[in-house]
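Data block below; observations after.
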Amino acid sequence: MEASMSDKSSTSRSPLSQKGHTIQKQEDLNTIGGSISVEINEKKVSVPFGTTILEACKINQIHVPTLCHHEDLCVAGVCRVCVVEVEGIRTLQAACAFPITSPIKIKTSTPTVRKARKNIIDLLLSEHYGECYSCIRNQNCELQKLAEEYGVDKYTFGHVTKPKYETDKSSLSVIRDMSKCVLCKRCVRTCIDLQEVGVLEAVHRGDQTHISTFMDKPLADVICINCGQCINRCPTAALHANDPSDEIWSAIDDPKKHVVIQTAPSPRAAIGEEFGLGAGHSMTGQLNTALKRIGFDAVFDTNFTADLTILEEGTELLLRLKSALVDKDPNVRLPQFTSCSPGWVKYIEHFYPQYLDHMSSAKSPQQMFGAIIKTFYAKQAGIDPADVVSVALMPCAAKKFECNRPEMNSSGFKDVDYGLTTREMAKMIKEAGIYLPEMPETTFDSPFGEASGAGLIFGATGGVMEAALRTVYELVTGREVPFKNLNIEPCRGFEGIKQASVKLENVREEWKFLEGVEVKFIVAHGTANAKLVMEMLKRGELNDVHFIEIMACPGGCIGGGGQPIPTSEEIRTKRAQAIYSEEERLTVRKSHENPYVKMLYEKFLTDGPCGKLSHKLLHTHYVKRGKYIA
Amino acid sequence: MESVYKKTQREGKVLFSSYKRGEGIEKALKLGREDILYELKISKLKGRGGAGFPTATKWMLTAAAKSDIKYIVCNADEGEPGTFKDRVLLTEYPEIVFDGMVIGGYTVGAQKGIVYLRGEYEYMLSFLEDYLKKMREDNLLGKNILGKKDFNFDIIIRMGSGAYVCGEETALIESLEGNRGEARNRPPYPVNTGFMGKPTSVNNVETLASVPKILVKGGEWFAKQGTGKSSGSKLFSISGDCEKPGVYELPWGIKISDLLTIVGAKDTKAVQVGGASGICIPESQFDRTISYEDVATGGSIMIFNKSRNMLHILKNFMEFFVEESCGQCTPCRIGNVKLLEGIEMIENNKFTFSYINQLKELGKTMQVASKCGLGQSSPNAFISILDNFKDEIFNPGKNGGKYVR
Amino acid sequence: MLVSERTSLTEEIERLVEQYGKDRSSLLPILQAVERKYRYVPDFAMQEIALQLDIHPVEVYSVVTFYSFLHSKPRGRNIVRLCRTIICDISGKENVESAITRELGISFGETTPDKKITLEYTNCLGMCDQGPAMMVNDRVFTRLTPEKAVEILNEIK
């Protein structure tokens, strides 16, 4: 096994308009001019050349307030909340945007600075529509926090009493309430620079400036992929997810309805944050109890269908390999792409529709579960599938769109009724008067309560690949993947694009054609990196690659658009660690060893993976959407 | 449009003095880079757009920046209300402007010069393109200019599209790169990281026009004109209530009252120096001088006589800024709206003095906290007009309220 | 927009991209050329330009809406822009303004029903020594009086 890493700069591209023209930091402090001594609030400190004032302050425990700054994004310097005094310069400087290249003297709390910040916060509040107590981001709003920090007790420059813009509720995933927007442009930098989707930009100028879509069209009509990364980075409630919790409550309260919920691994690793716990606490057991107390009739583990996905997708890959290598079928497309990230699915449908044949036809675990619940499960439990309400707790905004895709009805019903985000679930739990961390731990309901660790690690970027390799390698060779503790390290970590390979040797008789084949795979996360991969594919550089995992969100599902706010690399790392350590404690860690999956194939999907029934229920097709905005 | 293209006899010691096309370039090639920079340094030439940054320093920094590709950009986005000197320079004296660009290109090591011409001046485009064509024919542009081996330089013209803020040099560069005209964070400065990330010197039309004159007549001679800190002469765009509006070349250090006499202004109440972003000088201060030592300006002088309504003038300025702010930074985008609302409150007699004072304080915040020069200077008029014309504005009855406009 | 119109617009943009270069810095000259011809930048053109310069349509729209001289909605065949900055304002702009609106029967910001003239305000045209001033397409007229302004409009009507 050899793991070659691709170049690391995959997240540093951006269109010029969004690029923070900053000075390259010198990491080696021993070079001449490598570090510079500056004075912050009369204290002498030494920082690397090119460090921003904000970073320098942070290292030295000096708090400078920010609003447009976000560590995942390039510099903007537009809100001006972080202004500080630099000796010798008449005007105040934005700490987030000022690279230190000479021994300057900085003051972060002078009367001018404090007045400026107060004025700026007052100005933002004067245009910010709405009241905090009726806001979805109450207690988790950066503008509210600033107002509190700076002792705002009245609206100095007035306050808007009418919304300036109509709320755009067209999207099934993302709602835009621009009357609450503070023009920090984090969403713009997220959409254009971080995700390379390019749906949002500032339009018009002066007092008419606002964030909008192409020709001010409803979000549902432009090429938004519903990833919701903009929501995660919005400091206020200008962007939020389309919340179905009222409908879910009604279903729970309706005695005729049998309400089933499946929970994905990433929400479980993050929901604790909504209850004041630090990042990195897995709350699976507590969540099971809470959900049952809320009134869900059955609580299942999405990891079960993640295992199913691996078998279907892995089999599909092997079949493609067979068609390519044995049958020499010119129509078979390799590399095969994973299809479990609905943001990625919509991205390729819009941006690279000509490559849709590369997509695995396997549905995402959420949708597989939906199809199984309203068929196999309903029958087993003796419930009319029409009375089953199927809810999916997901870290994702795009899952809301996915479950509403018209083709997702192979059970004869809408396979999944509602996609619910981690944030919305936390809100429901709080409404029910439950403090999650206090809950005793319980297990999932059977029969879909047991899953392998392979399903669990789907949550982090590289997880699907790792799970698939564990199964495919073993199916083909009859041996476990040659990695310590089954941990396929080259799949792990947050590098934008990871590339590695594994050689198949001494294979089983039925897979003889794969003898000596080096399975090459790529793992990418964030659609900006997906774009890089697609461009490589376009240039013919990936002809020898077999399998590519792509997740639309940076970090994979643990960084999904439905996850708790805020987000940062540090938070995402901790969530991933929570998942990996939970995984290592499990006994079953390979999808094909999940006993319930075996049972399902024996009892229900009797013609096996990629068989006729599984094709009907567990596989799907895609839409060539293209880029044109009608 | 009488003055366009028609070479009227203008009087002036520096810019409006006689000059043979190419003269400055010839001299520059003879002097060499270091001596050009030396002459510029002793000339003490400062940027004529208004900010007054020493040109020699800007060129030295651009020349010193390490890059194979560099640019000289001529900022012809003259958008400051009451400014039209560049119009005159470009249409009547293109030789000194373009020669200045060529000299700049030679000095900093640029291969390309870009004129960013405001959209409103599109009618000049064909005239200027023809002029550049002639320069190419005469080897004042192109390869091995005037026989100087490996000195290759050409000029292209790029049009603006109606955005005042693009006069700010980094917003101008953003515009050239095909973006919204939103000012960049500085540092890094354009001399290091300018157009397409390459070292770029952005100079005002008048600054560039001064360069050939300095080289021909000597930096020392130039420095002797004007006052100590303000060397050379200045072009003034004179408009408003006077008999002879137009562009004048006058020495730095001229008293406002003397200037008013020259242009035939009578019964003057106020002089707005520096355009909408400048300050308003009341009659009691007409003995102040126009210079970097006292009242600095890019050259816009708007004269208002006693029949004018100062609040109306201020409102016009603030409406201008509300619309022309690029809208990216908070102080400028919302601050200007608040100042304008304050003016409307005064108009409708629905104000409190304490709120107006709060707005003045907000203005001071805008002056220091805005991202670029637009927001930093837009409150100037608000503060200076409300301070200097208190009586008229807050006691409108006193004058019988009789203002024409 | 008809398919044939789209095809010709696509070809036109291809030519412009070739002329100015396949780079974002060509965006303004390309938009200006389209605007000059159509008096606005059609929705389809914005998407086509985005496609050819490899940027996002919303970025093109963002740029178009930023600049006063670029438009995203159709306008009249002739664009009349009256300067409203202070010196023109105090030099008789008001009378010119009312004469024009009376004559054309439309307000500023509107287009005549026959689509011949769109009326707009503009900020300082740099003609303060000869105000009031207005631009008709790319030509500038100065020292306007109400009569003179109406005469100019009648010529293009």
Side-chain angles (χ1 to χ4, degrees), chain A residues 15-24 50 52 67-68 75-83 85 89-94 96-102 112-113 115-128 156-158 182-185 201-210, chain B residues 163-165 170 173-174 176-190 192-197 319-342 355 358-359 361-376:
Chain A
L16 283 170
S17 63
Q18 305 304 326
K19 189 180 276 173
H21 292 272
T22 48
I23 282 160
Q24 210 62 41
T52 64
L67 185 61
C68 68
V75 171
V78 295
C79 74
R80 315 305 287 175
V81 167
C82 70
V83 286
E85 268 185 42
I89 304 180
R90 182 188 66 86
T91 54
L92 302 178
Q93 300 299 312
C96 70
F98 194 103
I100 296 168
T101 57
S102 57
T112 316
V113 166
K115 192 191 101 187
R117 288 179 187 163
K118 180 90 189 322
N119 277 164
I120 289 164
I121 295 162
D122 280 336
L123 287 177
L124 288 168
L125 288 171
S126 78
E127 291 216 323
H128 182 74
T156 309
F157 301 116
V182 291
L183 268 304
C184 68
K185 292 199 189 177
E201 239 295 20
V203 300
H204 296 275
R205 71 161 189 240
D207 63 328
Q208 302 298 311
T209 312
H210 61 281
Chain B
Y164 164 77
V165 68
T170 60
I173 290 171
E174 283 290 308
L176 280 177
E177 290 183 357
N179 302 322
R180 296 161 66 81
E182 293 177 348
R184 291 178 179 174
N185 293 302
R186 292 184 296 183
Y189 296 92
N192 271 303
T193 311
F195 179 56
M196 305 305 279
E319 284 170 340
F320 173 81
F321 287 122
V322 165
E323 194 194 322
E324 293 291 352
S325 161
C326 83
Q328 65 166 328
C329 82
T330 314
C332 181
R333 179 184 67 247
I334 314 178
N336 282 312
V337 173
K338 295 297 156 193
L339 300 189
L340 177 60
E341 281 172 10
Y355 187 61
Q358 232 153 13
L359 288 180
E361 287 305 311
L362 170 65
K364 287 178 196 160
T365 287
M366 291 164 67
Q367 287 174 329
V368 294
S370 295
K371 190 169 175 180
C372 82
L374 193 155
Q376 286 162 11

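Just so it is clear: chains get the letters A, B, ... in the order the sequence lines come, proteins before strands, and each one is counted from 1.
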Would a 4.5 Å heavy-atom cut-off, applied to side chains only, mark [X] and [Y] as touching?
| X | Y | value |
| --- | --- | --- |
| B:Ser325 | A:Asp207 | no |
| B:Ile334 | A:Ser126 | yes |
| B:Arg180 | A:Thr209 | yes |
| A:Lys185 | B:Glu182 | yes |
| A:Leu183 | B:Arg333 | yes |

Non-hydrogen atoms of chain A under 4.5 Å away: do they reach the side chain of [X], the backbone, both or neither?
| X | result |
| --- | --- |
| B:Lys371 | both |
| B:Val337 | side chain |
| B:Tyr355 | side chain |
| B:Ala183 | neither |

Does the [X] side chain pair with the main chain of [Y], one donor and one acceptor, at a distance under 3.5 Å?
| X | Y | value |
| --- | --- | --- |
| B:Lys338 | A:Leu123 | no |
| B:Thr330 | A:Cys79 | yes |
| A:Arg205 | B:Glu323 | yes |
| A:Arg80 | B:Cys329 | no |

Quick check on [X] against chain B: is it the side chain, the backbone, both or neither that has a heavy atom closer than 4.5 Å?
| X | answer |
| --- | --- |
| A:Gln208 | neither |
| A:His210 | neither |
| A:Thr112 | side chain |
| A:Val182 | backbone |
| A:Gln93 | side chain |

Counting heavy-atom pairs under 4.5 Å with chain B, which one of A:Thr156, A:Leu67, A:Asn119, A:Val83 comes out on top?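 Among A:Thr156, A:Leu67, A:Asn119, A:Val83, the one with the most close pairs to chain B is A:Asn119.
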
Any chance you could measure A:Arg117, atom CZ, to B:Thr365, atom OG1, to the nearest 0.5 Å? 12.0 Å

Return the minimal non-hydrogen interatomic distance between A:Ala76 and B:Asn185, and the atom names on each side. O-ND2, 3.1 Å

Closest contact, heavy atoms only, A:Pro99 versus B:Pro187: CD-O, 3.6 Å

Partners of A:Phe98 by ring-ring contact (aromatic ring centres under 6.0 Å, His included), sequence neighbours excluded?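 A:Phe98 satisfies ring-ring contact (aromatic ring centres under 6.0 Å, His included) with no other residue.
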
Can you tell me which of B:Glu361, B:Gln367, B:Glu341 forms the most heavy-atom pairs within a distance under 4.5 Å of chain A? B:Glu361

